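Small disclaimer: the values here were computed from a predicted structure and weren't measured. Just so you know, residue 1 is the first one in the sequence shown, and it goes up from there.
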Amino acid sequence: MAQQRDMFDDIIDISKGIDALKNPFGGITDALIGTVDDSKPHWNPADYKERPRVNCIPCLACKSDKSGCRACIDVCPVNAIEIEDGAIDVLDSCRKCGLCVASCPTEAFVSPRLQPKKVYDAVARAATAHETAYVTCTRALKRIPRENEVVLACVGDVTRETWFSILTDFPNVSVYLPLDICTACRNAAGEEMLGEAIATAEEWAGRGMGLEVEPKDLVCNKRREYERKEFVDNIVRQTGLTVSKLTPATAAVATVTQRIREHSSRVSALEKTLNTACGTTSQKRRRVLTQGRQLMLSTLQQHPELAENVRVQIPECDHDKCTMCGDCVAACPVFACDLLASGKLAIEPTYCIGCGLCAEVCGDHALTMVERDGAELVVPDPEAERKAKLAAEAKAEYAEAKAQVKKTVDKVLDSVEKFAE
């Protein structure tokens, strides 16, 4: 149901009109006399690209010559990646497209701009404050992005885990990709990676992703409650009046920063819970939680009903074949494999990224990658469970007290009726 306009909406529209009247001819004058304002940002696609850094330690191909992983090499459009003698070399011919970062299952390629949490936060800022947010690439946009547009070097730079978190938390996000824009692009694998990542994320989230193909369909409208809050906050700064004196409703609206901070707190709490419960192996090795897995687990923690939609690959051990050689434990890039004192191999599914290296290095062929749903990935939140328990106890106490009061009142009424007789 649409919200009715009130005085604040009228005042905001008037203030916008006044701002426009302050410089009615704006860029017309500059265009006529040929002046250029150097203080304004200029469109430069290179500003949205960066050369990835490499961490060879988690790289599957570097850890074992038995690994068949060549995802980064296969996806690179200019053959700028070389892996030899346990080392990765990114050549000067790198186009900084970022596809190697998104394709690497162990996050061995690092690009600060493309870190899953940073991409999520950028989209969250746009989607929280605007009616619609768009994710696009430099080739598609070709101009300075507006507040609700998130520009990447390539649309294939977002992983399925990141899309899953975005789709679940922000249904007002769309991809802007004009028709045939990828046809002549040298990042040939970008469109395919985007399609696969979004298809998986849509299946997991049970929700579809929006797509825009026409520039004229891109809109930049702030959500009404945030526009009102910005207006009121501006009055507060200029007048010193409190928000509650102006309108109590705006005080309840969480800011963009608050929402991102809350998400970061959930991710940190999740990691702390995992560290306490199963963060180390029996050999005292610290398990590694990738950023993509952090986003997925934090989303499932908030929406456990989606776990049955999520499909993951997890190794399954045939203990009759296993000789406890420990090759899988040594090879696992995130230390999800563990040899227990009982003489059995255990897999921690919350940390396992399904790379399959453990199965590849197993000389006894005791490990097989199997598909499971995400039920084992739902991490119980002790604090939330404690609060739920306290709330249930309080509700029970209230019901008991209410019943006791009713019983007492009934006795009093019975006494009054007998006295009246």
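Side-chain contact between Lys222 and Glu147 is present, with heavy atoms from C-beta onward closer than 4.5 Å. No side-chain heavy atom of Arg372 sits under 4.5 Å from any side-chain heavy atom of Arg311. Counting heavy atoms from C-beta on, the side chains of Lys63 and Pro333 come closer than 4.5 Å. Using a 4.5 Å heavy-atom cutoff, the side chains of Arg51 and Lys96 are in contact. The closest side-chain heavy-atom distance from Val219 to Tyr134 is below 4.5 Å. A heavy-atom distance below 4.5 Å is not found between the side chains of His365 and Asp318. Looking only at side-chain heavy atoms (C-beta outward), Trp163 and Val175 come within less than 4.5 Å of each other. The side-chain heavy atoms of Tyr48 and Cys137, taken from C-beta on, include no pair separated by under 4.5 Å.
Sequence neighbours left out, the pairs with a member in residues 186-208 that pass side-chain hydrogen bond (donor to acceptor under 3.5 Å, both in side chains) are Arg95-Asn187.
The two residues Gly208 and Leu167 have their closest heavy-atom pair at O-CD2, 3.7 Å. Contact record, Cys332 with Cys337: SG-N, 3.9 Å, taken as the closest heavy-atom pair. Residue Glu50 comes nearest to Pro112 through the heavy atom pair OE2-N, 3.2 Å, listed as atom of the first residue, atom of the second, then distance. Across all non-hydrogen atoms, the minimal contact from Thr162 to Pro116 is OG1-CB, 3.5 Å. Minimum heavy-atom separation, Cys56 to Gly86: CB-O, 4.0 Å. Among all heavy-atom pairs drawn from Ser282 and Asp338, the shortest one is OG-OD1, 2.7 Å.
By the 4.0 Å N-to-carboxylate-O rule, Lys66 lies too far from Glu360 to be salt-bridged with it. A salt bridge is absent between Arg113 and Asp47; no separation between the charged side-chain nitrogens and carboxylate oxygens falls under 4.0 Å.
The local environment of CD in Glu84 is sparse, with at most 12 non-hydrogen atoms from other residues, nucleotides or ligands closer than 6.0 Å. Crowding of Glu308 atom CD: a count of heavy atoms from other residues, nucleotides or ligands under 6.0 Å not exceeding 12. Within 6.0 Å of CD in Glu371 there are more than 12 heavy atoms belonging to other residues, nucleotides or ligands. Atom CD1 of Ile144 is surrounded by more than 12 heavy atoms from other residues, nucleotides or ligands within 6.0 Å.
For the atom pair Arg261 CZ and Ser265 OG, the distance stands at 8.0 Å (nearest 0.5 Å). Interatomic distance, Glu348 CD to Ile314 CD1, rounded to the nearest 0.5 Å: 9.5 Å. Taken from CD in Glu214 to CG in Leu179, the straight-line distance is 7.0 Å, to the nearest 0.5 Å. One distance of note links SG of Cys72 with CG of Asp74; it measures 8.0 Å at 0.5 Å rounding. Between the SG atom of Cys317 and the CD1 atom of Ile347 there is a distance of 7.5 Å, given to the nearest 0.5 Å. In this structure, CD in Gln294 is found 13.0 Å from OH in Tyr120, a value given to the nearest 0.5 Å.
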Could you walk me through whether Cys278 and Tyr351 satisfy the side-chain contact (heavy atoms from CB on, under 4.5 Å) test, starting with their C-alpha distance in whole Å, then the side-chain angles of each, then the deciding distance to 0.1 Å, before giving a yes or no?
CA-CA 9 Å; Cys278 54; Tyr351 286 89; 3.9 Å; yes
Could you walk me through whether Val329 and Leu345 satisfy the side-chain contact (heavy atoms from CB on, under 4.5 Å) test, starting with their C-alpha distance in whole Å, then the side-chain angles of each, then the deciding distance to 0.1 Å, before giving a yes or no?
CA-CA 9 Å; Val329 175; Leu345 175 69; 4.2 Å; yes
Run the numbers on Val135 and Ile166 for side-chain contact (heavy atoms from CB on, under 4.5 Å), then give the verdict.
CA-CA 11 Å; Val135 179; Ile166 290 172; 5.7 Å; no
So Glu212 and Ser174, side-chain hydrogen bond (donor to acceptor under 3.5 Å, both in side chains) or not? Walk me through it.
CA-CA 7 Å; Glu212 295 295 344; Ser174 294; 5.0 Å; no
Pair Leu152, Thr136 - check side-chain contact (heavy atoms from CB on, under 4.5 Å), show working.
CA-CA 6 Å; Leu152 304 172; Thr136 185; over 6 Å; no
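The closest side-chain donor-acceptor pair between Ser67 and Ser64, if any, does not fall under 3.5 angstrom.
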